[in-house]
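Take a look at the structure below.
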Amino acid sequence: MNGRENAISESAKHGFDVFNTKGLCVQCHAGWNFTDDGFHDIGVADDDIGRGKVLPGIPAVMHAFKTPTLRNVAQRRPYLHNGSEKTLEDVVRFYNTGGQAKRDSLDVNIKPLNLTDQEMRDLCAFLLTLSSNDKPVTIPTLPND
Amino acid sequence: MNKSLLFSIAAFISVAAFAEDHVIKQEDRQFSAQEITVKPGDKLVFTNCDSVTHNVFSTSDANPFTIKVQKPGEATAVEFKDEGVTEVRCAIHPKMKITVTVKK
């Protein structure tokens, strides 16, 4: 692969390994845009049934919400569908404990991950590399006619 | 044995004899076909070749079904009895779609 070997830190490189292996992140945050465009119950402890409102006959999508992209994730806090986690570190800890709510619809990949403190720091370092300093886009005005 | 009973038995044997299984893989969060035409009584064998779970279902008037959560490696056969068009989706990954046309 072309590119600068030192473009990101060693910690971020290790975090990418964690992302793809022990952290299970890639199971949903997959592909070039870091999302499978799917809906998952990640164990947020609230009463919002999410996708379950659209497909009430499908237990697997109760409490399920769409996987967001991770592009520029550092600039889009707070996190999770209800904004309950304030920082990236909070989100990583949330996943490391296997979420909060235990119910039948919980995605199979939401379970205690046993990440070390260093692995969680590395994962955050990797997530920070997904942000860029893009120039703000001016929203065009549509013609009236 | 009356004629209608004989006819029914013959018809059942005929359908059973020619019913086919068609394997539809779920791979890279896509079905292996976007559309398929089958005969009444044929089965689609939905096979999860991904490393993630899927939940194939349909709410179409013809042949509604759900096979619930399907883990990696699992295969589930679904019989399509009714003539018509059945739109099949994955509830977890809505971009996965296959249109099943059932006709004699």
Side-chain angles (χ1 to χ4, degrees), chain A residues 16-44 48-71 80-81 95 98-99 101-111 113, chain B residues 24-35 43-82 84-100 102:
Chain A
F16 184 52
D17 288 337
V18 175
F19 185 91
N20 287 306
T21 56
K22 191 176 174 183
L24 301 175
C25 318
V26 76
Q27 293 294 315
C28 299
H29 291 285
W32 67 273
N33 210 20
F34 297 95
T35 174
D36 62 354
D37 295 312
F39 292 80
H40 306 271
D41 176 4
I42 59 169
V44 175
D48 194 336
I49 63 170
R51 185 70 167 169
K53 296 171 194 165
V54 180
L55 297 172
I58 310 287
V61 294
M62 291 293 288
H63 303 280
F65 289 81
K66 194 168 189 179
T67 310
T69 178
L70 295 179
R71 295 282 179 190
L80 308 187
H81 67 259
Y95 282 117
K102 307 301 178 192
R103 50 200 174 209
D104 291 345
S105 55
L106 194 67
D107 191 275
V108 295
N109 289 304
I110 302 299
K111 53 192 173 186
L113 300 172
Chain B
I24 300 295
K25 292 181 182 176
Q26 300 155 84
E27 201 164 23
D28 297 330
R29 298 178 181 84
Q30 302 267 337
F31 288 116
S32 54
Q34 292 183 317
E35 55 186 25
K43 292 178 182 174
L44 296 191
V45 183
F46 292 99
T47 304
N48 187 356
C49 300
D50 270 329
S51 61
V52 298
T53 55
H54 291 298
N55 191 143
V56 180
F57 78 105
S58 177
T59 55
S60 293
D61 291 338
N63 307 297
F65 72 95
T66 176
I67 56 178
K68 298 186 178 176
V69 170
Q70 197 178 35
K71 293 178 181 174
E74 290 185 348
T76 307
V78 178
E79 185 176 4
F80 287 74
K81 297 178 181 175
D82 306 330
V85 176
T86 304
E87 301 288 350
V88 177
R89 302 279 188 273
C90 171
I92 298 169
H93 307 99
K95 287 191 173 180
M96 294 174 60
K97 302 174 183 177
I98 176 171
T99 301
V100 183
V102 183

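All figures in this text were calculated on a predicted structure; none of them were measured in a lab. Labels below follow one simple rule: chain letters A, B, ... track the order of the sequence lines, proteins then strands, and each chain is numbered from 1.
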**Prompt:** Hey, which residues of residues 29-39 of chain A are touching chain B, say heavy atoms under 4.5 Å apart?
**Reply:** A/Ala30, A/Asp36, A/Asp37, A/Gly38, A/Phe39

**Interchain contact, B/Val69 with chain A, by part (heavy-atom threshold 4.5 Å)** = side chain

**Request:** Could you tell me whether the side chains of B/Thr53 and B/Asn48 share a donor-acceptor contact shorter than 3.5 Å?
**Result:** no

**Request:** Look up atom CD1 in B/Ile98 and atom CD in B/Gln30, then write down how far apart they are to the nearest 0.5 Å.
**Result:** 11.5 Å

**Prompt:** Taking only heavy atoms into account, what residues of residues 72-81 of chain B are found under 4.5 Å from chain A?
**Reply:** none

**Prompt:** Would one find more than 12 heavy atoms of other residues, nucleotides or ligands at under 6.0 Å from atom NZ of B/Lys95?
**Reply:** no

**Item:** B/His93: partners by ring pair (Phe, Tyr, Trp, His ring centres under 6.0 Å), with sequence neighbours left out
**Value:** A/His40, B/His54

**Proximity breakdown for B/Thr66 and chain A, heavy-atom pairs closer than 4.5 Å** = side chain

**Complete:** Rounded to the nearest 0.5 angstrom, the CD1-OG1 distance for B/Ile24 and B/Thr47 is 8.5 Å

**Message:** Tell me every residue that passes ring pair (Phe, Tyr, Trp, His ring centres under 6.0 Å) with B/Phe57, counting only those two or more places apart in sequence or in another chain.
**Reply:** none

**Complete:** The reported gap from SG in A/Cys28 to CD1 in B/Ile92 (rounded to nearest 0.5 angstrom) is 9.0 Å

**Complete:** Closest non-hydrogen atoms of B/Val88 and B/Phe31, given as atom of the first, atom of the second and distance, are O-CE1, 4.2 Å

